[in-house]
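These notes are about the structure you will find just below.
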Amino acid sequence: MSKGLPDRSNDFSAWYTQVVNRAGLADHGPVKGTMVIKPYGYQLWENIRDVFDKMIKETGHVNAYFPLFIPKSFLAKEAEHVEGFAKECAVVTHTRLKSDPEKGIVVDPESELEEEIIVRPTSETVIWSMYKKWIQSYRDLPVLINQWANVVRWEMRTRLFLRTSEFLWQEGHTAHATSEEAEKETLDILELYRQLAEDYLAIPVITGLKTDSEKFAGAERTYCIEAMMGDKRALQAGTSHNLGQNFAKAFDVTFQTQDNKEELVWATSWGVSTRLIGAIILTHGDDKGLRLPPKIAPIQLVIIPITKSEDQVNELKAYLEPITKNLKESGIRMHEDWTNNSPGFKFNEWEMKGVPLRMEVGPRDVKEQKVVLVKRDGKEKLFMSKNNILDPIQKLLKDIQSDLFDRARDFRDSNTHRVKDYNEFKSVISRGGFVRCGWNGNPETEASIKEETKATIRCIPFNEEPKGLSCIFSGEEAKHEVVFAKAY
RNA sequence: CGGAGCGUGGCGCAGCCCGGUAGCGCACCACAAUGGGGUUGUGGGGGUCGCAGGUUCAAAUCCUGUCGCUCCGACCA
């Protein structure tokens, strides 16, 4: 078995695949692009979920659950939105199997459904069919519902976490009395996404608006957070849509205003998915494997005991007991590795799994009443007195969290370029990285550039400064300053 | 859907041309030693060779059919 990982600069995607596998995050399911999220990967997801769940509850949202199955007729109600997903829907057509003497188990043709059922690719339609029942008056608004669920999109090319046929996500679906309120909600959520990405996942993101060609089909406007991965490609990490009155129209959801008029409801929807785990791997991973931000790492501190004899094992356990008790009580997520592997093996293994901090404890430390701490990054061994190690550990975790963010931000910034002309644009794009430049606002320009370079407009950043810029493609006066990149 | 390739213990492969007792590495299990950067030794378990037919005394190997998967091109959080 090869011990090292494939060279990241040479074969980034082979590196990614192996990290996912060897860190024990996920595996392929038996049906084509499906994914089994293994316990270690799932704990990571749970931690992300818990952080965001808390955020949205603090801002007045509540969780609910809507069905996996959607009547096919619902997708006809909103033509634009359908276009986005129709090509990748799983459809239920029958309800029974039966045994066949020749072929084993077959679909029972007798059980064909009158109306086929769609497995949700996203839940706008089911949810708005219910909102129609629930919303009568302005007093019923706003509705601020979120659900944690799985969705299915029958993708052709899949990669674990980044694009799978079924994935886990949260989808928020809100209903409001005014356009302004819906817009505010859309932006407030985007800000929560930014915080989730930057403050917890340590992934620096650009916030901005999608162009029409990149926006969600059913939306008026799509806002997003975009991040740069370790191979300098862009990854859309979360989206927040202002749906205007599109779904209210499709499902005829109206409400009575204070002055007794009937009006259509305003809507938003927003989501982040298990793709965030892919983003963490691609942003922070290095030659030794995964690196996890302490705030969401399933294990923040791994303890590697080093022993020779049985006697030493008992001595060490007694030595560790008060130390670990204190750390556990203080909320440090930790794990002691008592497996029979050699210490060197364990070091590599836990580095592969991205655990931020390692503690080594052996006979020498017992004698000196110390422990050894090593950061996932550094080779440096920090010798600490066994008493009062909580503070230094908390400080180290904090440092690791901010180091990860700083490093990723520096990497992104040093690979974000401003270019003089289209030739320079093309050469930067081919080398990889973000280009900030002017755009004339024309979708055809965008399409031409995509055609020639494979780069797309990732977003129109909120901090754009189009004044004085000219369009990189046409030379015309720029309508927007945009971020171009090749994307996942 | 178009192009290429692959199905043989859990994983990665060899064997197939030229039919004749299923093999290797890793992983796994047991015991012993080792243990501060991927540790050794000894012993051991596990495969109807994708599936279905056919040829043959004999099929992983030859023939026919079938199913599945992976990789590369048009879509997507």
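The sequence lines fix the lettering, A, B, ..., with proteins before strands; numbering per chain opens at 1. Computed from heavy atoms alone, side chains included, the values below leave out hydrogens, waters and symmetry copies.
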Using a 4.0 Å heavy-atom cut-off, does A/Leu162 contact any base of the nucleic acid, only the sugar-phosphate backbone, or nothing at all? base
Given B/U39, B/G35, B/G37, identify the nucleotide with an atom nearest to the side chain of A/Phe345. B/U39
NA contact type, A/Val372, heavy-atom cut-off 4.0 Å: base, sugar-phosphate, or nothing? base
Any N or O donor-acceptor pair under 3.5 Å from the base of B/G38 to the side chain of A/Asn341? no
Looking at B/A77, B/G37, B/G35, which one has an atom nearest to any side-chain atom of A/Ile306? B/G35
Of the listed nucleotides (B/A77, B/G37, B/G36), which one gets closest to any side-chain atom of A/Pro363? B/G36
Euclidean distance for C1', B/C67 against B/G23 (whole angstrom): 27 Å
Applying a 4.0 Å non-hydrogen cut-off, can you work out what A/Arg358 is touching in the nucleic acid: base, sugar-phosphate, or nothing? base
For A/Asn341 and A/Glu349, does a side-chain donor sit closer than 3.5 Å to a side-chain acceptor? no
Which value, in whole Å, describes the distance between the C1' atoms of nucleotides B/C18 and B/U61? 10 Å
Candidates B/G38, B/G36, B/A77 - which lies nearest the side chain of A/Glu360: B/G36
Mind checking if A/Lys454 touches a base, just sugar-phosphate, or nothing, with heavy atoms under 4.0 Å? sugar-phosphate
Tell me whether the guanidinium CZ or amine NZ of A/Lys210 lies under 6.0 angstrom from the six-membered ring centre of A/Tyr223 and within 45° of its axis. no
With hydrogens left out and only the distance checked, is there a donor-acceptor pair under 3.5 Å joining A/Glu351's side chain and the base of B/G37? yes
Report which part of the nucleic acid A/Gly271 touches: base, sugar-phosphate, or nothing (heavy-atom distance under 4.0 Å, all strands). nothing
